[in-house]
Number of protein chains: 2
Amino acid sequence: MKAKNKPVKFRSDCPISSALDLFGDTWSLLLVRDMVYFGARTFKDFSEAAEGISSARLSDRLTKLESLGIITKKKHRSNKKVYLYQLTTKGYDLFPVIADLVLWSHKYLNHHISDAAKQFANMLEDDREGTINMFLNK
Amino acid sequence: MKAKNKPVKFRSDCPISSALDLFGDTWSLLLVRDMVYFGARTFKDFSEAAEGISSARLSDRLTKLESLGIITKKKHRSNKKVYLYQLTTKGYDLFPVIADLVLWSHKYLNHHISDAAKQFANMLEDDREGTINMFLNK
DNA sequence: AAAAATAACTTTCAAAATGAAAGCAAAAAA
DNA sequence: TTTTTTGCTTTCATTTTGAAAGTTATTTTT
C-alpha cells in the first residue's frame, strides 16, 4: 500500500511551531544527521544507526522528508534494488539546528555523550560558522 | 493524581538523539518560545498561545521540563492560586536552537509565517549572536 | 541454473502518546 | 455569598509508535 501522504497541518503562523509541525519528532533530524554526519545514503544505512529505528517508521519518515523536499530519492545506477537518498539544500540547511543541539547536549549532558561528539562540540564552540561550513563541504 | 515521571530513556550516546529524547516533540520548544518570546509565566499564559495546547498536555510538558531542570515552578507571592514558571539557564540555552528554526522557516516557509516573525528573522540574519543575546537580555 | 541472501519495503498489531472535553478544588473577585 | 478564575486531573476515542514477521524483486553464492 502506498504511504498515506497527509498534508501537514500548521498550528499557527509561527515559524517555530511550523518547523516543529514538519520535523518536530524524535526521528526526522536524526535522519538528517545520518546523512550529513555519517554519510548514510540507503535504507539500510539508516536502519543500522545506533538508535534502531524500525523499518516501518523509517519508511514513513523518508517518505515524509521527501515530500517536504528535504531529501531526494533516486535509483542506484548499477544496482537495481538499491535506492539512494540525498539531502537537498533545504535539508542541509537544517544542520545549524543540529549543531545547536550538539552544543546544548555537550553542555548539559556531557557525561552521557560519546568522545567523538565531544570533539565535534569543541570545534563548534571554537568556530561555529567555520565548523558548520566545513562539515557541509562549503 | 501525581504525574508519572518516567525516567528519560536515551537511545544512544549521540548528543543529537539525546537532546531529541528530552524535548524532541511538537510542544516542548514552543513552551520555551512562549517564555522567551512572549513572556509567558503562568499556566494560563501557555494555554492561550495560538497553537492551542490542551491542558492535559500542557500539564505533563511543564512537569517534564521542570524535572529536566529547564524550567522552575514557584508560587506567586501574593496570589495563592497562581504558579510562576521560569526558564533556567539550561532553558535559555535552548534559544539558539529556536533561532535556527526561525531562520530555516523564514527561508523555506516564508509565505506562511507572520510579519513579526519575519522581522525577527531579518534581525537574526543580520546578526545572529547579537540578536540572540539581546533577546536573552544579556 | 538453482538456491540462498539481500535491499527495501509493507503489514499487522499491541502499547503508548495525543487531543478534546468535562470535571474539580481552592482562591479570588464581584 | 455567589460567581469566576486558575491550575490542574480525569476520561476516553483517535492517532502514532515500535516490534516482529512477511513480501517482492533483485543480486550473490554455490
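Computation of the quantities below employed the complete heavy-atom set of this structure, encompassing side-chain atoms and omitting hydrogens, waters and symmetry-equivalent molecules. So you know, we letter chains A, B, ... as the sequences are listed, proteins then strands, and number each from 1.
Within the 4.0 Å cut-off from OP1 or OP2 of C/dC9, at least one side-chain nitrogen or oxygen of A/Y85 is found. At C/dA20, none of the side-chain N or O atoms of B/R57 fall inside 4.0 Å of OP1 or OP2 (strictly under the cut-off). In terms of phosphate contacts, B/W27 brings no side-chain nitrogen or oxygen within less than 4.0 Å of OP1 or OP2 of C/dT18. Contact annotation: A/K73 side-chain N/O to C/dC9 OP1/OP2 distance is under 4.0 Å. In terms of phosphate contacts, B/Y83 brings no side-chain nitrogen or oxygen within less than 4.0 Å of OP1 or OP2 of D/dT5.
When heavy atoms are screened at a 4.0 angstrom cut-off, B/T26 is found touching no nucleic acid atom at all. Among the heavy atoms of the strands lying under 4.0 Å from A/T42 are primed sugar atoms or P, OP1, OP2 only; no base atom is included. Residue contacts shown for A/R61 are limited to sugar-phosphate atoms, with no base heavy atom under 4.0 Å away.
When the C1' atom of D/dT16 is taken as reference, atom CG of A/L58 falls 16 Å away, rounded to whole Å. The separation between B/I53 atom CD1 and D/dT6 atom C1' is 16 Å, rounded to whole Å. Rounded to whole angstrom, the span from the NZ atom of A/K64 across to the C1' atom of D/dT15 amounts to 12 Å. The interatomic distance linking A/H76 (NE2) with D/dA25 (C1') rounds to 16 Å, in whole Å. When rounded to the nearest whole Å, the span between CD of A/E66 and C1' of C/dC9 equals 14 Å. Atom-to-atom, CZ of A/R11 to P of C/dT18 comes out at 11 Å; the value is rounded to the nearest Å. Protein atom CD of A/E48 is 13 Å distant from nucleotide atom C1' of C/dA8, rounded to whole Å. If you take CG of B/D60 and C1' of C/dA17, they are 9 Å apart, rounded to a whole angstrom.
The residue among A/N79 and A/S59 whose nearest nucleotide of DNA chain C lies closer to the 5′ end is A/N79. Annotation: of the two residues near DNA chain D, B/L62 and A/V82, the 5′-most nearest-nucleotide partner is B/L62. Each of A/K81 and A/S55 has a nearest nucleotide on DNA chain C; the 5'-most of these lies closest to A/K81.
A/V82 and A/F38 are members of different hydrophobic clusters when ILVMFWY side chains are connected at heavy-atom separations under 4.5 Å.
For the 3.5 Å distance criterion, the side chains of A/D45 and A/T42 qualify, holding a donor opposite an acceptor. Using modelled atom types, one finds no donor on one side chain facing an acceptor on the other under 3.5 Å when comparing B/S105 with A/S18.
Candidate nucleotides D/dT26, D/dA20, D/dT10 were compared by shortest atom distance to the side chain of A/K80, and D/dT26 ranks first.
Checked for salt-bridge contact, A/E51 and A/R33 meet the test: a charged N lies under 4.0 Å from a carboxylate O.
A ring pair (Phe, Tyr, Trp, His ring centres under 6.0 Å) with B/Y37 holds for exactly one of B/Y92, B/F120, B/F95; it is B/F120.
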